[in-house]
Peer 1: 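Sharing a structure with you now.
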Amino acid sequence: MKNYLLAIIFIFFNSCNNNTSNDVIDGQVEKNYLFKSGNTKWFPKNYKLYETDIFLNENNFGNLDNFIIELYMGVRCHDSEREVPRLIKILNELKFSDEKLKIYLLKRDKTSDSGFEKGKNITNTPTIIFYRDSMEINRIVEFPIETLERDIYKIINDIEYRNAYY
């Protein structure tokens with residue numbers, strides 16, 4: 001009887017503490033998810049600690065508005081923990097529209113139940129894909145070649161750029 005009662009209490013408290021809106025493991029999420037989810041507790045700290053490269057302020061990133069960005073990441077991926085807060089901080093400083101940023105969470109095997117990644121050749125996370133006029137122009141895979149700021153600049157200004165896995 002004691003074990004039965006303990007099991008009921010555990011189930012009750014566990015179900016009350018589960019906030020399913022913050023427990024997304026894979027699928028599409030909004031930017032605010034990164035700041036508020038229990039799955040991305042690392043995000044706010046890493047976001048706050050990152051100082052953007054002075055290159056960002058010294059160069060024209062106006063072409064960025066011509067792009068749609070798809071971000072594929074893992075919530076338990078050390079590369080995503082490092083690069084995604086940096087990317088979001090850069091995009092925020094550039095006032096990049098949230099509507100033009102699509103964020104997809106992937107499981108460890110680089111898949112999602114929704115299949116957003118199908119046909120995108122996602123082999124590493126994070127993968128940041130830049131689209132112009134519905135065509136993929138380029139991507140940053142796992143880590144930048146120089147810095148995120150400089151790599152983004154090259155991509156949006158049609159300067160030769162190859163990701164680490166090209």
Side-chain angles (χ1 to χ4, degrees), residues 14 17-56 61 64 67-132 134-156 159-166:
N14 194 35
N17 288 332
N18 277 344
N19 182 349
T20 56
S21 66
N22 288 334
D23 290 339
V24 176
I25 298 297
D26 69 283
Q28 187 172 8
V29 297
E30 300 294 324
K31 185 169 66 174
N32 283 341
Y33 173 89
L34 301 174
F35 288 97
K36 296 180 179 184
S37 172
N39 287 328
T40 56
K41 289 180 181 177
W42 44 265
F43 184 87
K45 177 185 173 192
N46 292 353
Y47 178 90
K48 185 177 180 181
L49 289 175
Y50 184 64
E51 294 183 25
T52 56
D53 188 328
I54 191 74
F55 184 86
L56 192 68
F61 282 77
L64 187 60
F67 289 82
I68 301 278
I69 298 174
E70 288 183 356
L71 166 62
Y72 294 87
M73 62 173 284
V75 294
R76 292 180 181 88
C77 164
H78 66 278
D79 295 311
S80 292
E81 289 181 24
R82 182 188 63 244
E83 301 301 338
V84 172
R86 294 174 180 184
L87 173 68
I88 299 302
K89 190 154 200 183
I90 291 164
L91 295 177
N92 284 346
E93 286 192 19
L94 292 171
K95 298 182 181 1
F96 186 71
S97 171
D98 288 350
E99 283 113 37
K100 292 185 169 194
L101 174 65
K102 310 295 181 209
I103 303 170
Y104 302 103
L105 306 181
L106 301 178
K107 296 181 254 184
R108 284 192 182 275
D109 64 357
K110 312 301 183 273
T111 65
S112 68
D113 291 340
S114 303
F116 290 109
E117 76 291 347
K118 289 188 183 199
K120 305 286 176 112
N121 193 29
I122 308 297
T123 59
N124 300 76
T125 54
T127 294
I128 308 158
I129 305 176
F130 294 80
Y131 292 92
R132 184 175 51 215
S134 301
M135 291 184 55
E136 180 178 337
I137 301 303
N138 216 323
R139 59 176 63 193
I140 298 170
V141 180
E142 196 172 9
F143 53 87
I145 300 302
E146 293 182 58
T147 65
L148 277 174
E149 294 88 344
R150 292 170 191 267
D151 288 15
I152 291 168
Y153 182 82
K154 286 182 176 182
I155 290 169
I156 67 171
I159 298 170
E160 185 176 340
Y161 176 82
R162 292 185 179 183
N163 68 66
Y165 297 93
Y166 182 80

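These values consider heavy atoms only, across backbone and side chains, with no hydrogens, waters or symmetry-generated copies.
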Peer 1: Are any side-chain N or O atoms of Glu117 and backbone N or O atoms of Ser112, one a donor and one an acceptor, separated by less than 3.5 Å?
Peer 2: yes
Peer 1: Under 4.5 Å between any side-chain heavy atoms of Met73 and Tyr104, yes or no?
Peer 2: no
Peer 1: After noting the C-alpha distance and the side-chain angles of Tyr166 and Val141, does the key distance pass the side-chain contact (heavy atoms from CB on, under 4.5 Å) rule?
Peer 2: CA-CA 9 Å; Tyr166 182 80; Val141 180; over 6 Å; no
Peer 1: Less than 4.5 Å apart, any side-chain heavy atom of Leu148 and any of Ile140?
Peer 2: yes
Peer 1: Only counting residues at least two apart or in another chain, list the ones meeting salt bridge (Lys or Arg N to Asp or Glu O under 4.0 Å) with Asp113.
Peer 2: Lys107
Peer 1: Are any non-hydrogen side-chain atoms of Lys102 and Leu71 less than 4.5 angstrom apart?
Peer 2: no
Peer 1: How many angstroms lie between OH in Tyr165 and OG1 in Thr123, if you round to the nearest 0.5 Å?
Peer 2: 7.0 Å
Peer 1: Side-chain contact test, heavy atoms from C-beta onward, threshold under 4.5 Å: evaluate it for Asp79 versus Pro126 and give yes or no.
Peer 2: yes
Peer 1: Closest heavy-atom contact between Asn121 and Arg139?
Peer 2: O-NH1, 3.2 Å
Peer 1: Restricting to side-chain hydrogen bond (donor to acceptor under 3.5 Å, both in side chains), what partner residues turn up for Ser114, sequence neighbours left out?
Peer 2: none
Peer 1: Let me confirm one number: the OH-OG1 distance from Tyr153 to Thr147, rounded to the nearest 0.5 Å.
Peer 2: 12.5 Å
Peer 1: Report yes or no: does Trp42 contribute a side-chain atom to a donor-acceptor pair with the main-chain N or O of Val75 at less than 3.5 Å?
Peer 2: yes
Peer 1: Can you tell me how far the CG atom of Asn163 sits from the CD1 atom of Ile155, to the nearest 0.5 Å?
Peer 2: 8.0 Å
Peer 1: Does some side-chain heavy atom of Leu56 sit less than 4.5 Å from a side-chain heavy atom of Ile90?
Peer 2: yes
Peer 1: Which atom pair, heavy atoms only, marks the closest approach of Thr125 to Cys77?
Peer 2: OG1-SG, 3.2 Å
Peer 1: Dump the intermediate steps for side-chain contact (heavy atoms from CB on, under 4.5 Å) on Leu34 and Val84, then the final yes or no.
Peer 2: CA-CA 9 Å; Leu34 301 174; Val84 172; 4.0 Å; yes
Peer 1: Quick one: list whatever passes salt bridge (Lys or Arg N to Asp or Glu O under 4.0 Å) with Arg132, sequence neighbours left out.
Peer 2: Asp158
Peer 1: Identify, with sequence neighbours excluded, every residue that meets salt bridge (Lys or Arg N to Asp or Glu O under 4.0 Å) alongside Lys154.
Peer 2: Glu146
Peer 1: Excluding sequence neighbours, so at least two apart, what forms side-chain hydrogen bond (donor to acceptor under 3.5 Å, both in side chains) with Tyr131?
Peer 2: Glu70, Lys120
Peer 1: Verify side-chain contact (heavy atoms from CB on, under 4.5 Å) between Tyr33 and Thr40, making sure each step is shown before the conclusion.
Peer 2: CA-CA 8 Å; Tyr33 173 89; Thr40 56; 4.1 Å; yes
Peer 1: Scan for side-chain hydrogen bond (donor to acceptor under 3.5 Å, both in side chains) pairs involving residues 47-56, sequence neighbours excluded, and state none if there are none.
Peer 2: Tyr47-Asn92, Tyr50-Glu149, Thr52-Glu93, Asp53-Arg150
Peer 1: At what distance, to the nearest 0.5 angstrom, does CD1 of Ile156 lie from CG of Asp151?
Peer 2: 11.5 Å
Peer 1: Just wondering, do Ile69 and Ile128 contact through their side chains at under 4.5 Å, heavy atoms?
Peer 2: yes
Peer 1: Can you tell me if Lys41 uses its side chain to pair, donor with acceptor, with the backbone of Asn39 under 3.5 Å?
Peer 2: no
Peer 1: With a 4.5 Å heavy-atom cut-off, do Asp98 and Glu30 have their side chains touching?
Peer 2: no
Peer 1: Would Arg82 and Asn46 count as a side-chain contact (heavy atoms from CB on, under 4.5 Å) if you check the C-alpha gap in whole Å, the side-chain angles of each, and the deciding distance to 0.1 Å?
Peer 2: CA-CA 7 Å; Arg82 182 188 63 244; Asn46 292 353; over 6 Å; no
Peer 1: Where the side chain of Asn124 meets the backbone of Glu142, is there a donor-acceptor pair that is under 3.5 Å apart?
Peer 2: no
Peer 1: Counting C-beta onward and ignoring hydrogens, is there a side-chain heavy-atom pair between Ile122 and Ile129 closer than 4.5 Å?
Peer 2: yes
Peer 1: Any donor and acceptor pair, going by atom type alone, linking the side chain of Asp26 with main-chain N or O of Leu105 inside 3.5 Å?
Peer 2: no
Peer 1: Quick one: pull up CG in Leu91 and OG in Ser97 and give me the separation to the nearest 0.5 Å.
Peer 2: 10.5 Å
Peer 1: Measure the CZ-CZ distance between Phe96 and Phe61 for me, rounded to the nearest 0.5 Å.
Peer 2: 12.5 Å
